[in-house]
Amino acid sequence: MKRYPVTLPVLIGSIIIMAAGLFFFLRNYYRHQQVNMEIGLIRAKNKELRSENLAHLLMLSPKGDTAKQIPIAALRIIQNRASNQLENDQRLSNLEKINQTYILINRLGVAMLVCSVLFLIGFNILQFKRRYKLSKLQERDRQTMHLLRETIREKSLVQEDLIREKDRLNFVLEGTNAATWEWNIQTGQLSYNETWATLIGYTLEEIQPIDQSTLARFAHPEDLEETNKKVSECLRDHTQFYEATYRMRHKDGHWVWILDRGKVVKSSEEGEPLLMFGTHVDITHLKETNEELTRFASVASHEMREPLRMISSFMRLLDKNYSEQLDKKARQYIHYAMDGAERMSAMIQELLAFAHAGGVKGGETEWIDCNNLLQDIKVLMHGQLEEQEAKLNIGLLPTIQARRTPLKLVFQNLIGNALKYQAPGSRPSIEINASDAHTHWQFSVKDNGIGIAPENREVVFQLFKRLHTKHEYSGSGMGLATCKRIIEQHGGKIWIDSNEGNGTILTFTIRKTA
């Protein structure tokens, strides 16, 4: 503990003064007592002398006759006694004066001692208060220093983590050759990395100045309008990210297809977006590949529809020419075959139109009554539902704005999975319901199948990812990946609530403004 520098000297000085005062007080008191004793002795002596002189005079003159001659010797004795009495009286007077002085000194000494004691008590109380306050301050300082050291240590650890994350991010960006951008929404400041400029054949220096109009200088006007709309929706609805594709003109004049993904990485306490970060990826080759696949799908669909038309034609001829020779069950089978062929032909036509429209991102949205859509799907899957004796319960569903064919594919895939992934001998039970989730419609498809383990709930949405062999359950592993892609393009998300062996609840959302 820190000590005040004046405490010890003042304390020692006060003790010395008090000891000295006590010493002189005791010595003065002792001398005072001696003087009082001496005064008492002198007074007793004077009294004795007066008594002796009076007795001597009465003896010499019993009757008080003053005219009687007194012997010289007797007079001398009486005179000596009187002289001694006078000397004693003089000494007594001096001693009484000294006695008064000692009394004053004693009173002053007592007062000084009392003052010294009071001073020491008060001084020690003040010192105690000072030291108590000092100890409290020191304790608070120690706590503050400890907190400061912990804060500095934590800040250092956070800075080290940030440096490591930054290094890893830089390694990823360098390894993937990704183009990045950063937008300060409050100030409007926009920045790109060097890779972004190389996507269109420039350097960052060549495209200066960089501001919010930079993208508009290179992007195709027709594509930019849709992109700006998605960015605005992301900021308005406070969604986590947006995704858009558009063309940008290369330095040599050709168009480059860009996949733009952006995410709000910082928001205010009120939830207002402050900072966005995103990437640009050249998908020109992917676009060209998709166009080739679209052309292939067109040819393949034409080739597939021809056998279906042939099946339908022969079934009609069979029904027309031999219906009288067939029983009711056979004619029902013919009807199922003809109906299935026609629906398959219609579905191929829809998929072809869907492919020509640009996949899940193409085509115009329309108002769709989900109740009617599910009834169409129920009729389309009638054979499979009847074969497995499945129970399909459809709740009251809303009318939403979406793309019909992609949405139809989502429900067909989910119902098909619920029928497929069943334990041997079980009768499938499927429930489809919907609810209003403020900015989105939320749908749920619940079944009583084999379920999905918690560690596989994200894995199943990966493309070509299968949890079972083809001998156990058929399929290509594209169903849920396709569903996820379609739902995300409709501004929603999809997730699984499932306990392995106790069925699956698969939930997804569709944005109301889709």
Side-chain angles (χ1 to χ4, degrees), residues 1-37 98-173 182-189 191 235 238 240 263-277:
M1 180 184 295
K2 182 179 179 182
R3 297 179 181 273
Y4 289 94
V6 296
T7 301
L8 189 59
V10 170
L11 183 61
I12 293 175
S14 299
I15 293 174
I16 291 174
I17 293 172
M18 189 167 62
L22 183 63
F23 172 74
F24 286 112
F25 170 78
L26 292 175
R27 192 181 69 169
N28 188 71
Y29 179 80
Y30 175 72
R31 290 181 177 180
H32 182 209
Q33 294 299 319
Q34 287 182 333
V35 169
N36 284 335
M37 290 176 63
I98 293 172
N99 188 41
Q100 292 297 323
T101 302
Y102 280 143
I103 290 173
L104 291 175
I105 292 174
N106 284 340
R107 288 176 180 175
L108 181 61
V110 171
M112 290 178 64
L113 284 174
V114 171
C115 290
S116 298
V117 171
L118 292 177
F119 171 77
L120 285 176
I121 293 173
F123 181 78
N124 285 324
I125 290 174
L126 290 176
Q127 290 302 310
F128 175 78
K129 289 183 177 179
R130 286 182 179 179
R131 292 183 180 182
Y132 180 76
K133 290 181 179 179
L134 180 62
S135 65
K136 289 294 183 182
L137 290 174
Q138 289 175 337
E139 180 64 25
R140 189 171 64 185
D141 290 343
R142 282 194 293 270
Q143 293 177 353
T144 302
M145 290 300 297
H146 177 72
L147 181 61
L148 182 61
R149 284 193 296 268
E150 288 296 319
T151 302
I152 293 174
R153 187 179 67 85
E154 292 176 359
K155 187 175 181 180
S156 299
L157 293 176
V158 170
Q159 288 178 339
E160 291 176 1
D161 290 340
L162 288 175
I163 292 173
R164 285 195 294 269
E165 289 297 328
K166 184 178 180 181
D167 290 340
R168 282 196 288 268
L169 178 59
N170 289 333
F171 292 150
V172 170
L173 294 177
E182 185 177 336
W183 178 28
N184 188 319
I185 302 171
Q186 300 298 311
T187 63
Q189 182 180 0
S191 60
L235 298 178
H238 296 176
Q240 290 187 348
K263 181 178 182 179
V264 176
V265 295
K266 185 177 181 181
S267 301
S268 65
E269 294 181 356
E270 293 76 19
E272 294 299 322
L274 300 177
L275 187 66
M276 288 192 76
F277 184 85

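In what follows, every heavy atom counts, from backbone to side chain, and hydrogens, waters and symmetry copies are set aside. One-based numbering along the sequence shown.
Across all non-hydrogen atoms, the minimal contact from Leu274 to Ser267 is CD1-C, 3.7 Å. When all heavy atoms are compared, the tightest approach of Ile185 to Leu275 is CD1-N, 4.0 Å.
Evaluated for a side-chain contact (heavy atoms from CB on, under 4.5 Å) with Leu157, the options Arg153, Lys155, Gln159 yield exactly one hit, Arg153.
We find the CD1-CG distance between Ile152 and Leu147 to be 10.0 Å, quoted to the nearest 0.5 Å. Put simply, NZ on Lys263 and CE on Met276 are 10.5 Å apart, with the number rounded to the nearest 0.5 Å. Atoms CZ and CG, on Arg130 and Leu137 in that order, are 13.0 Å from each other to the nearest 0.5 Å. One distance of note links NE2 of His146 with OG1 of Thr151; it measures 9.5 Å at 0.5 Å rounding.
Taking the side chain as every heavy atom from C-beta outward, Glu139 and Lys136 never approach each other to under 4.5 Å.
Counted within 6.0 Å of CD on Gln189, heavy atoms from surrounding residues, nucleotides or ligands total 12 or fewer; the atom is thus considered open. Within a 6.0 Å sphere centred on CZ of Arg140, other residues, nucleotides and ligands contribute 12 heavy atoms or fewer.
Applying the salt bridge (charged side-chain N to carboxylate O under 4.0 Å, His left out) rule to Glu154 yields no partners; only residues at least two apart in sequence or on another chain are considered.
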